[in-house]
Structures are given as structure tokens and as C-alpha cells.
Amino acid sequence: MAVTGVMGITDVREAIAWQADHAAKAGATHTARVIRGELAILDTPTELARRMNNWPGLSLEDAMPLRVAGGLHWLSLSGADRRLAPVYAGEITVQALVDELVAAVAVEWDAKLVPWLDSPPQTNEAGRSASIMGGLLWLSQRLGPKFELNEIGASAGVNTMIERYRYDLGGTETGPEGSPMRIVPEWRGPPAPQGEVQIISIRGCDVAPVDLSDPAEALRLKAYVWPDATERMGRIEAATRLAAEKPPLLERKDAEEFVLERLAAPQQEGVTRVLYHSVMWQYLPQAARYAISVAMEQAGARASAEKPLAWVRLETNRVTFRHELTVRYWPGGEDAVMLAEAHPHGAWVEWLG
């Protein structure tokens, strides 16, 4: 099926400009200037420019502008090249100057930046778990409080540790009170449902999981955090500390294989098996999306009141580019319900449920 709306933009320059505007609207004005500066890279005699100009897919769906932005930010964070640091700090705001700096950095560091195009951003953001937890609270009113959680596209497992986080979801509080990770988004609309969430088990998978205990891998993860978002950087630090105490249970596996294995595994009675994911579906090949969807439908047909199944998704609407929390469950809730819209990095949640 053809992709329509902004996700279907095929012109590289249009995609970069749109991504810059989107970052600015999300409050990341400094990052937006750097992304817009990528337009200047396109005119440089670099391998990076050649690959960007000849991008083979849909630039926004593949998050190509954000791949480059991650590489540029990594150069600054690592100390390899600090020329963009004043831009990230909001000290240089004239776009023409930003363009010159971005182009100069790209020319000098071409060989280091090109590999950043080879994989999608690892935007492993704990703030997104506010929506996931809201979905679990909603489900607990319908299926009971006990959950077996299975995450695909888990990256470093930041959201495969949600049982260790403390949440305030519009006045609804849940999670361990002493947690160093407090998730308190701006909550719009009625509070999340009151209820109990008992996470019996939790695990995730990723084709290239990030090891937060490795400083180089942790730095790469931080590079994808927009530098304007100081709260996000603080959450990455808190997640790193929690992972050092007890690493999240992650498997190096593609999403389709992981889902099929988890659906075939024995399920405890009275525990809802949940597949969940956030802002990763667009990066899966179309065939994998189809296979997972079919597997969930088939498993849903086998589900029972004693062994329910649920699917919790915080994903990008491919037409509007808005991020929507939808939930399905079996038996009895086969039709998807949109419970919330959310900021792409969890700064706010608008509860509709």
C-alpha cells in the first residue's frame, strides 16, 4: 500500500525541511536549526551528500534526517568536533551561520558521518512509557492487574524496565516510590485510570540492542537525544544507573522471530500476555509488519478469559505524523481503541480513553 501524507514525502530537501519544522514545533529549536543545516550538506562534495541525495527509500519514514542529526550530535558529545556546541546551546541562531558550520563539519568528518546512515535512530525514550503505562492501567480494569510484557524494537531496553519507574499520570500514581526515574509528563485531559499493574515478567528484543553499560554505546544512544531536551538526557542517565544495577532482559533477535516465539511460549493463567512497542513500527520491513499482525490475529483467536492477549502501541500515524496510543485485546476488545495522543518524546500526553 502506498504511503500517503508527510511520511510519503519523496523529495529529500522537502523531507529535511519538514523534519526541521517538526523539531521546532516539538520545542527543539536548536536541533531544528542543525537539521535544516543538513540542506547545506547536500551541496558538499562528500559521500554523505551523495548518499543523502540518492536516498533509496522514503526519507521521513526512514528517519534519514535524524540519522544525520545523530551523527552530528555525537561528534559534539564525544569532543571530536565542538563547532556545533554553540548551536546546540542556542548561542548561534542565525541559520546562515548554522548552515556554514554544519557543511564544514560534514566535509571534515565525512567518513565518520556516513555510517550513521546505515541504521535508524535509537530513540530509546523513557518518557514514552507514560503512554504504555496508561494503556496497561486501562487494560487492568478489563483483564485484571497481572501482565507478561514483551517489547519489540527495545533498543537499550530503557522501556523494558518500566516496572522500575515511578509515574504520575495526571494525578494517577503508580510504580515504586523510591525510583530514580520519575515520569511526570504534562497531562492533558482526564487522569489515567486508577488501577493496579503487576508486571509478572518483562523482556524485549532488538536486532542491534544497545548495552548501556558500555560507555561508547551509551554515548551513541545519547547522540540521538535532541540536546534542547535536558529532561530527556536526565532520563537516559537514570536509565543507565538502573541498567547497571540490573540489566534489562534483552534478546538480539528480529521482531518477527521474537513475537512468534513469545506467542508460542506457555502462558500463565490469570496473566495477560502483552506485545508492546513505541515509535519503531515504521522501521520494520513491510513483510515483518504483516507477519506480526497475522500472528497476533491468530493468537488472539486462541486467547481466552484465563489467558488473554493484548497489543499496546505508541506509534506514528503515517498520514498525520501524530503519535497515537492504541490498544487491542482478546477476547472482547478486538477493535483498536485510541486512548491517547502524545508528544514524540513523552513531554505531554493527551488522554482520550
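Heavy-atom basis, side chains included; hydrogens, waters and symmetry copies ignored.
Taking the charged nitrogens against the carboxylate oxygens, Arg51 and Asp118 do have a contact shorter than 4.0 Å, which makes a salt bridge. Salt bridge status for Arg50 with Glu47: present, with a side-chain N to carboxylate O gap under 4.0 Å. The existence of a salt bridge linking Lys307 and Glu148 is excluded, since no basic side-chain nitrogen approaches an acidic carboxylate oxygen closer than 4.0 Å. Contact check on Asp99 versus Arg33 returns no salt bridge, with no Lys/Arg side-chain nitrogen under 4.0 Å from an Asp/Glu carboxylate oxygen. A salt bridge does not link Lys246 to Glu163: none of the charged side-chain nitrogens sits closer than 4.0 Å to a carboxylate oxygen.
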Practice prompt. Give the intermediate values and the outcome of side chain to side chain contact (heavy atoms under 4.5 Å, CB included) for residues Lys222 and Glu237.
Written response: CA-CA 9 Å; Lys222 291 176 184 177; Glu237 297 288 355; 2.8 Å; yes

Worksheet item: Is there a salt bridge (charged side-chain N to carboxylate O under 4.0 Å, His left out) between Glu61 and Arg289 once you walk through the steps?
Response: CA-CA 14 Å; Glu61 184 170 66; Arg289 296 179 210 168; 3.7 Å; yes

Practice prompt. Determine, step by step, whether Tyr167 and Ile162 satisfy the side chain to side chain contact (heavy atoms under 4.5 Å, CB included) criterion, reporting the C-alpha distance in whole Å, the side-chain angles of both residues, the deciding distance to 0.1 Å, and the verdict.
Written response: CA-CA 10 Å; Tyr167 298 89; Ile162 64 175; 3.3 Å; yes

Discussion item. Working note: Leu117 + Trp55, criterion side chain to side chain contact (heavy atoms under 4.5 Å, CB included); need CA distance, chi angles, decisive distance, verdict.
Written reply: CA-CA 10 Å; Leu117 289 174; Trp55 192 254; 3.9 Å; yes

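Ring geometry for His323 against Phe321 counts as perpendicular: the plane angle is over 60°, on a 0 to 90° scale with 30° as the lower cut.
A ring-ring contact (aromatic ring centres under 6.0 Å, His included) check over residues 171-199, counting only residues at least two apart or in different chains, returns the pairs Trp187-Trp351. The stretch residues 136-145 participates, sequence neighbours left out, in no side-chain hydrogen bond (donor to acceptor under 3.5 Å, both in side chains) pair at all. For residues 77-97, the ring-ring contact (aromatic ring centres under 6.0 Å, His included) pairs, not counting sequence neighbours, are His73-Tyr88. Sequence neighbours left out, not one pair with a member in residues 25-51 passes ring-ring contact (aromatic ring centres under 6.0 Å, His included).
Between the OG atom of Ser59 and the CE atom of Met52 there is a distance of 8.5 Å, given to the nearest 0.5 Å. Here the OH-CG distance, from Tyr329 to Leu139, works out to 8.0 Å after rounding to the nearest 0.5 Å. Atom-to-atom distance recorded for Met233:CE and Leu221:CG is 9.5 Å, nearest 0.5 angstrom. To the nearest 0.5 angstrom, Asp81 atom CG is 10.5 Å from Trp74 atom CH2. The line from CZ of Arg262 to CG of Asn150 is 5.0 Å long, rounded to the nearest 0.5 Å. Considering CE of Met280 and OG1 of Thr316, their distance stands at 11.5 Å, rounded to 0.5 Å.
A 6.0 Å sphere centred on CD of Glu177 holds no more than 12 heavy atoms belonging to other residues, nucleotides or ligands. Heavy-atom neighbours of Glu261 CD from other residues, nucleotides or ligands within 6.0 Å: above the threshold of 12. By the neighbour-count criterion of 12 heavy atoms within 6.0 Å, atom CZ of Arg322 is sparsely surrounded, having that number or fewer from other residues, nucleotides or ligands.
Formation of a donor-acceptor pair under 3.5 Å by the Asn124 side chain with backbone atoms of Gly157 is found in this model. Under a 3.5 Å cut-off, the side chain of Glu350 and the backbone N or O of Glu341 do not form any donor-acceptor pair. When atom types are taken as modelled, the side chain of Arg166 and the backbone of Gly175 share a donor-acceptor pair closer than 3.5 angstrom. With hydrogens and angles disregarded, no donor-acceptor distance shorter than 3.5 Å links the side chain of Ser278 to the backbone of Leu314. In terms of modelled atom types and a separation under 3.5 Å, the side chain of Thr93 and the main chain of Gly90 share no donor-acceptor contact. Remark: side-chain polar atoms of Asp228 are paired, donor with acceptor, to backbone N or O of Thr29 under 3.5 angstrom. A donor-acceptor pair under 3.5 Å is formed between the side chain of Arg67 and the backbone N or O of Asp62. In this structure, Arg235 contributes its side chain and Met181 its backbone to no donor-acceptor pair below 3.5 Å. Side-chain atoms of Asn159 never come within 3.5 Å of backbone atoms of Ala154 as a donor-acceptor pair (strictly under, hydrogens ignored). Gln267 contributes a side-chain N or O that, together with a main-chain N or O of Pro308, makes up a donor-acceptor pair within less than 3.5 Å.
Residues His277 and Ile132 approach most closely at O-CD1, 4.1 Å, considering heavy atoms. Closest heavy-atom contact between Ala340 and Val349: CB-CG1, 3.9 Å. Across all their heavy atoms, Leu84 and Leu101 have their closest contact at CD2-CB, 3.9 Å. For the pair Gly135 and Leu339, the tightest heavy-atom approach, listed with the atom from each and the gap, is CA-CD1, 4.1 Å. Looking at every heavy atom in both residues, Leu42 comes nearest to Ile16 through CD1-CD1, 4.0 Å. Scanning both residues, Pro193 and Gly134, for their nearest heavy atoms gives CD-O, 4.4 Å.
When each of Ile199, Ile200, Leu143 is paired with Val271, the side chain to side chain contact (heavy atoms under 4.5 Å, CB included) condition holds for Ile200 and for no other.
Two residues are said to be in side-chain contact when any heavy atoms from C-beta on lie closer than 4.5 Å; Ser131 and Tyr276 fail this criterion. Taking 4.5 Å as the limit, every side-chain heavy atom of Pro185 sits out of range of all side-chain heavy atoms of His343. Considering only heavy atoms from C-beta on, Tyr290 stays 4.5 Å or farther from Leu284 through its side chain. Contact of the Thr272 side chain with the Leu136 side chain is not registered, since no non-hydrogen atoms from C-beta on lie closer than 4.5 Å. Side-chain contact check for Arg83 versus Glu108: some heavy-atom pair is nearer than 4.5 Å. Residues Leu249 and Thr160 form no side-chain contact, since every pair of their non-hydrogen atoms from C-beta on lies 4.5 Å or further apart. Put simply, the side chain of Glu151 does not reach to within 4.5 Å of the side chain of Val274, judged on heavy atoms.
Linking Ile, Leu, Val, Met, Phe, Trp and Tyr residues whenever their side-chain heavy atoms come within less than 4.5 Å places Val105 and Tyr224 in a single cluster. In the hydrophobic cluster analysis, where Ile, Leu, Val, Met, Phe, Trp and Tyr join through side-chain heavy atoms closer than 4.5 angstrom, Ile35 is grouped together with Val87. Cluster membership check: Ile92 shares its hydrophobic cluster with Val34, using side-chain heavy-atom separations under 4.5 Å among Ile, Leu, Val, Met, Phe, Trp and Tyr. In this structure, Val98 is a member of the same hydrophobic cluster as Val68, with clusters built from ILVMFWY side-chain heavy atoms closer than 4.5 Å. In the hydrophobic cluster analysis, where Ile, Leu, Val, Met, Phe, Trp and Tyr join through side-chain heavy atoms closer than 4.5 angstrom, Val327 is grouped apart from Trp281.
In this structure, the salt bridge (Lys or Arg N to Asp or Glu O under 4.0 Å) partners of Glu251, at least two apart in sequence or on a different chain, are Arg203, Lys253. The salt bridge (Lys or Arg N to Asp or Glu O under 4.0 Å) test applied to Glu315 returns no partner, not counting sequence neighbours.
Within the cation-pi definition used here (under 6.0 Å to the ring centroid, within 45° of the axis), Arg273 does not qualify as a partner of Trp330.
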